[in-house]
Amino acid sequence: MTLPSPGRTDAADTVTGGPRRRRAFGFGGSRRARGGAPLPLLVPALIGLAFLTLPLVALLIRAPWRSMPDLLTSPEVWQALRLSLVCATAATAVSLVIGVPLAWLLARVEFPGRGLVRALVTLPLVLPPVVGGVALLMALGRNGVVGKWLDSWFGVTLPFTTTGVVIAEAFVAMPFLVISVEGTLRAADPRYEEAATTLGASRFTAFRRVTLPLIAPGVAAGAVLAWARALGEFGATITFAGNFPGRTQTMPLAVYLALQNDPESAIALSLVLLAVSVAVLAGLRDRWMSAS
């Protein structure tokens, strides 16, 4: 094979742009655009950045930092914080128990109307939370479609209870987990499950011993998203469970109530929720925010 001399231009280099272009674009054949952004894109981009960050910066500026320890250790705030953490964790557990099998069903099983089922599962993502609370009342309220039977047969009343808070939060948070797990399942190779069933494992054993370890990162990411969404839920909670201190008053409801009487406490509670949101984004940075 004859190597081209350093001073000679090869025909392939003439067509493709030569070694210089290949080095510039690298093995992937792409590179980031260099140079300044055009003004028609830069100006609205900066406006959008300011629109999204200015309220958060204002919250930090107006925060009562000196009185923050006293505000966050008051009995009312601690009660709302504890209830929020307990209910959000319980709602996430409920979402895991029934959401992961639902995601597996949508990702692995072909059945008529699967697209409609997927649309119904993701509907709470776009449904106004207050409408979700009204729907829960119509279904599980004392005179609801199912709730009246729960009340007459078992004496179980769900609205305006702590259990009602968990149900409302699970209703709005579970779609985040289902979407995350379903996407992970679709990306996972189903041949591992098929190999396990060929070797004699049942479908459930294959899911438990093979599939679940493969999709564990997706399940964890979905659980974190669901937990954060449950922690910040307001509309469905206040509609279905009410706003009773110590029983149904979670952090967002406490913020709403404090904003009318004690703005400093509202800011302090808002900062706690902001810190939780930042922590969730930091934890999911490698999955959702990594730059390609």
Could you pull out all donor-acceptor pairs under 3.5 Å where a side-chain atom in residues 216-230 meets a protein atom, sequence neighbours excluded?
{"from": "Trp227", "atom 1": "NE1", "to": "Thr89", "atom 2": "OG1", "distance (Å)": "3.3"}
{"from": "Arg229", "atom 1": "NH1", "to": "Glu233", "atom 2": "OE1", "distance (Å)": "3.1"}
{"from": "Arg229", "atom 1": "NH2", "to": "Glu233", "atom 2": "OE1", "distance (Å)": "3.1"}

Which side-chain N or O atoms in residues 265-275 pair as donor and acceptor under 3.5 Å with protein atoms at least two apart or in another chain?
{"from": "Ser265", "atom 1": "OG", "to": "Asp262", "atom 2": "OD2", "distance (Å)": "2.5"}
{"from": "Ser270", "atom 1": "OG", "to": "Ala266", "atom 2": "O", "distance (Å)": "2.7"}

Got a list of side-chain donor-acceptor pairs under 3.5 Å for residues 204-213, not counting sequence neighbours?
{"from": "Thr205", "atom 1": "OG1", "to": "Ser202", "atom 2": "OG", "distance (Å)": "2.8"}
{"from": "Thr211", "atom 1": "OG1", "to": "Glu193", "atom 2": "OE2", "distance (Å)": "3.1"}

Could you tabulate the donor-acceptor pairs under 3.5 Å formed by side-chain atoms of residues 59-71, not counting sequence neighbours?
{"from": "Trp65", "atom 1": "NE1", "to": "Leu60", "atom 2": "O", "distance (Å)": "3.1"}
{"from": "Ser67", "atom 1": "OG", "to": "Pro64", "atom 2": "O", "distance (Å)": "3.4"}

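Within the structure, side-chain hydrogen bond (donor to acceptor under 3.5 Å, both in side chains) contacts touching residues 115-139 (residues at least two apart or in different chains) are Arg118-Glu182. Residues in residues 150-200 take part in these ring pair (Phe, Tyr, Trp, His ring centres under 6.0 Å) pairs, two or more places apart or across chains: Trp149-Trp153. Residues in residues 105-138 take part in no ring pair (Phe, Tyr, Trp, His ring centres under 6.0 Å) pair, two or more places apart or across chains. Screening residues 251-272 for ring pair (Phe, Tyr, Trp, His ring centres under 6.0 Å) gives Phe234-Tyr256 as the qualifying pairs, with residues at least two apart or on separate chains.
Residues Ala103 and Val178 share a closest heavy-atom pair of CB-O, 3.7 Å. The minimum heavy-atom distance linking Val156 with Leu158 is given by the pair CG1-CD2, 3.9 Å. In terms of heavy atoms, Glu169 sits closest to Ala91 at CB-CB, 3.8 Å.
Not counting sequence neighbours, Arg203 has no partner by the salt bridge (Lys or Arg N to Asp or Glu O under 4.0 Å) test. With sequence neighbours excluded, no residue satisfies side-chain contact (heavy atoms from CB on, under 4.5 Å) with Ser277. Every side chain to side chain donor-acceptor pair (under 3.5 Å) that Asp189 has, sequence neighbours left out, goes to Arg191. Annotation: side-chain contact (heavy atoms from CB on, under 4.5 Å) contacts of Asp151 (sequence neighbours excluded): Arg142, Thr157.
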